[in-house]
Amino acid sequence: MATDGVFDEMFGRDGHARTPYENIARWLAETPPDQFESKREQADLLFRRIGITFNVYGSSAGTERLIPFDVIPRILAAREWRTLEAGLFQRVKALQMFLQDIYHDQHIIRAGIIPASHILRNDLYRPEMKNIRLPGDVYVHIAGIDVVRVAEGEFYVLEDNLRTPSGVSYMLEDRAVMMRLFPKLFQDNAVAPVDHYPAELLRQLRSVAPERAAGAPTVAVLTPGPYNSAYFEHAFLAEEMGVELVEGQDLFVRDDAVWMRTTRGPRRVDVLYRRLDDDCLDPLAFNPDCLLGVPGLLSVYRNGGVSLANAIGTGVADDKSTYPYVPDIIRFYLGEEPLIGNVPTYRCGRPDDRAYVLEHLPELVVKETQGSGGYGMMVGPKATREEHEKFRRLILDDPDGYIAQPTLALSTCPTFVDEGVAPRHVDLRPFVLTGKDGMAVVPGGLTRVALTRGSLVVNSSQGGGTKDTWVLED
Amino acid sequence: MLSRTADNLFWMGRYMERAENMARILDVTQRLSLQTHGGAHAEWTAMLALLCAEEAYAERHGAVTENGVAAFLTLDRGNPSSIWSCVRAARENARSLRATIPVEMWESLNTTWLALRDLDETALQQRGLREFSDWVKERSHLFRGVAHATMLHNEAFAFTRLGTFLERADNTTRLLDTKHYVVEAGGKDNDPAAAYYEWGALLRSAGAFRAYHQTYHDVITPARVAELLVLRADMPRSLRFCFDKVTENLTALAEGRPLESERLSGEFGARLRYGRMERILNAGLHDFLEEVLDRIAAVGLQISRDFLMIV
């Protein structure tokens, strides 16, 4: 079942079902295949009916596509999850402190851990944020940390998503659909619930409201609109939290405050969970051509009249060029060793690293430091010779713009594909919430699966699917 | 509530109702055309006039034919009032309301849209126009039923209902004027036998055939049909009923504020409440109906001023 040399979540390396998967492996063996086929069709129908679709960039405006859902769950034992959870809290906590520091005293630069130019010349560093005091010193209220596994007990962080990470609605809907299709599985397995995510999110968002609004702050979700690829999620979260889903056109700035236009006149907004990039937030301060935001928002924000989640300027901490420094960031602020490591990373800006990368292109994964969603990357072993050459030129033209990593043997998980059940590579994106009074993470996260045989790219924009993720309770 | 949300709710209600009304207009036209012998296309021409769509039609389909008009009103993507376009618009509005409307409501509307999206001309012809119209009406009934049974009966519900009843008033007005346009388009007039069938067809397309008989226990006469569809308080598609509902919802939304939209609607409602059919008929039904259309437009405009464009 398992592919050679690759760790399989269900069968490990020796083909015997691992403890957390024992029940599911039996279920998989005992259920007749045609029953799965009909359940898969039902799942498809359910997703289409609830309209969980996403828009694909680059195809004609508003094209909706269904993200493939796989009915075989990905499972983590309670013990595995405890380790992961501690590692995630540690990492996000350090990154918060890092952001607080670089926008204030910059100890980390003075200590020589990260070169000043690396931060100050990064496009994602926002000088507008210098010396702005945020409620609770929280910058990243919602973090999506991409974790991969290569062996029993061996996890790595592949990427930190600290701007507007998406996918949590799939985590919730996958579970809802799974419970509807296979209620018995949940009787037989003690699966930790995830449905309280929206309530937890709302609690954290309220905790960072400006002091003036203490008591009953007004929270709203700010979306770029129905044509955004993650619009479904924005609407879903607003609905689940019971708050307004607003677009830039619904808001305006007056008297150092942000207001929504309502049928009964203007109403003040205290916390915006914004799913809009920094660049688009305020045409007066950032990109004047992007009209999705609210003119004047930045000045209200700087004066503490409204809270934004996440804060402006967090991109500098999840940039792929900052990623290699994260273990040092953890050591510097917390005085601890990272509980979850980084994937070894070569920075093409360093001559030695660059020489190595150029020599080993066919073995490495090369990524644009500012790319996301699986765009602007090359998976060496799967790429053609022309692509190797293309990336060689790209790296030589702009060495600082690229990093490279060894091609990891990401773990696989059995998945329904055209030829039956076969191992496919997976990753995991848990969502870590931070508020004024602490941190929270719901057990599990979103498991993405690369549906193409051998593919390591799990992004939904590149044909990836999702699975329900179970954390078993002890 | 966000002004934009109110706007989306209002138009979701309007477009869904409009889709149903298109099906009803299509239905009455087909019934009428079956009664004319000799193949004149007066009914189909009249219908286009009724919808103020003669030019748009000519541009897209040329000469008036039954198939052409049916295609124009059902699946024509270039016609903003086709059933296809109306359901699509209702669904697009609903899509922006995902955080506001109940899941079941979205699912029902989305299911309607998906079925319609996948329908092509050939499949439609196989199914038959009548059968298709019935399906559209059924989906619209379902939409209102789901709204009624799952939405909180609050502001959001009121805006949806406003859209529904304003659009329905518009439709009833146009249906009642069918006869006028048929005559204008060269159809026969003053043939009592034909009149029975014509007004009967109109009643059926308004779903009011049985209501007529239960109310009047007598033969179908134009004056009574008009009374039923204009003045009756208990007839859900009558102008009186629609205006009462519009006013009622505006009163709820106003919460004591003096709103011009409520006044405009209430004032006209009072005319319908205390008016007499003979007076209206003597002064000319067509002129009266023209006036109704103007008032519906004025109320619609004032609703945007009162709720949707205030800062």
Side-chain angles (χ1 to χ4, degrees), chain A residues 44-53 55 61-64 66 169 172-173 176 180 198 218-228 230-254 259-267 269 273 275, chain B residues 1-10 12 88-89 91-115 117-118 146 151-152 154-160 162 249-250 252-257 259 261 303-311:
Chain A
D44 226 45
L45 215 66
L46 280 172
F47 278 107
R48 202 170 285 281
R49 198 158 59 113
I50 18 189
I52 305 191
T53 54
N55 301 327
T63 311
E64 293 168 43
L66 210 59
S169 56
L172 297 167
E173 290 288 3
R180 193 154 156 177
T218 302
V219 176
V221 177
L222 175 59
T223 172
Y227 294 103
N228 182 269
Y231 180 72
F232 163 76
E233 177 159 305
H234 308 161
F236 177 89
L237 289 173
E239 180 184 7
E240 292 282 315
M241 290 193 287
V243 304
E244 293 288 359
L245 176 69
V246 298
E247 295 176 23
Q249 52 169 325
D250 299 319
L251 301 176
F252 66 96
V253 163
R254 194 165 67 196
W259 308 83
M260 318 190 254
R261 294 174 219 274
T262 80
T263 52
R264 291 174 209 192
R267 178 166 160 213
V269 183
Y273 175 23
R275 296 292 296 258
Chain B
M1 168 179 302
L2 286 181
S3 296
R4 185 175 46 81
T5 304
D7 192 53
N8 288 141
L9 288 161
F10 178 72
M12 175 180 68
R88 181 171 186 273
R91 191 257 188 183
E92 283 301 296
N93 275 288
R95 204 154 105 87
S96 304
L97 291 168
R98 290 294 294 277
T100 309
I101 56 175
V103 176
E104 285 174 43
M105 193 166 171
W106 161 254
E107 287 184 1
S108 148
L109 193 45
N110 200 31
T111 307
T112 308
W113 162 243
L114 293 177
R117 190 194 60 181
D118 296 338
V146 174
M151 282 179 94
L152 285 176
N154 62 5
E155 237 187 324
F157 185 63
F159 277 110
T160 312
L162 270 186
N249 283 292
L250 284 170
L253 288 167
E255 293 191 313
R257 289 176 291 171
L259 290 182
S261 52
I303 287 173
S304 348
R305 290 202 184 113
D306 286 344
F307 299 101
L308 312 179
M309 299 191 298
I310 45 169
V311 170

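Throughout, a chain's letter reflects where its sequence line sits, starting with A, and its residues are numbered from 1.
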Heavy-atom pair with the smallest gap, counting every atom of [X] and [Y]:
| X | Y | value |
| --- | --- | --- |
| B/Arg4 | A/Leu245 | NH2-O, 3.3 Å |
| A/Leu222 | A/Gly248 | CD1-N, 3.7 Å |
| A/Thr263 | B/Leu2 | CG2-O, 4.2 Å |
| A/Gln249 | A/Arg261 | O-NE, 3.0 Å |

Q) Going through the distances and angles, do B/Phe10 and B/Phe307 end up as a ring pair (Phe, Tyr, Trp, His ring centres under 6.0 Å)? A) CA-CA 11 Å; B/Phe10 178 72; B/Phe307 299 101; 9.5 Å; no

Q.
Under 4.5 Å from any heavy atom of chain A, what part of B/Glu255 do you find: side chain, backbone, both or neither?
A. side chain

Q: Sort B/Ile101 into side chain, backbone, both or neither according to what part of it lies under 4.5 angstrom from a heavy atom of chain A.
A: backbone

(Q) Can you list everything that forms a side chain to side chain contact (heavy atoms under 4.5 Å, CB included) with A/Val253? Sequence neighbours excluded, please. (A) A/Val258, A/Val294, A/Val300

Q | Per-residue contacts, residues 235-244 of chain A versus chain B, heavy atoms under 4.5 Å | A | A/Ala235, A/Ala238, A/Glu239, A/Glu244

Q. When you look at A/Met260 and A/Phe252, which way does the side-chain contact (heavy atoms from CB on, under 4.5 Å) test go after all the steps?
A. CA-CA 7 Å; A/Met260 318 190 254; A/Phe252 66 96; over 6 Å; no

Q: Please look at A/Val221 and chain B and tell me whether the side chain, the backbone, both or neither of the residue comes under 4.5 angstrom of a heavy atom of that chain.
A: neither

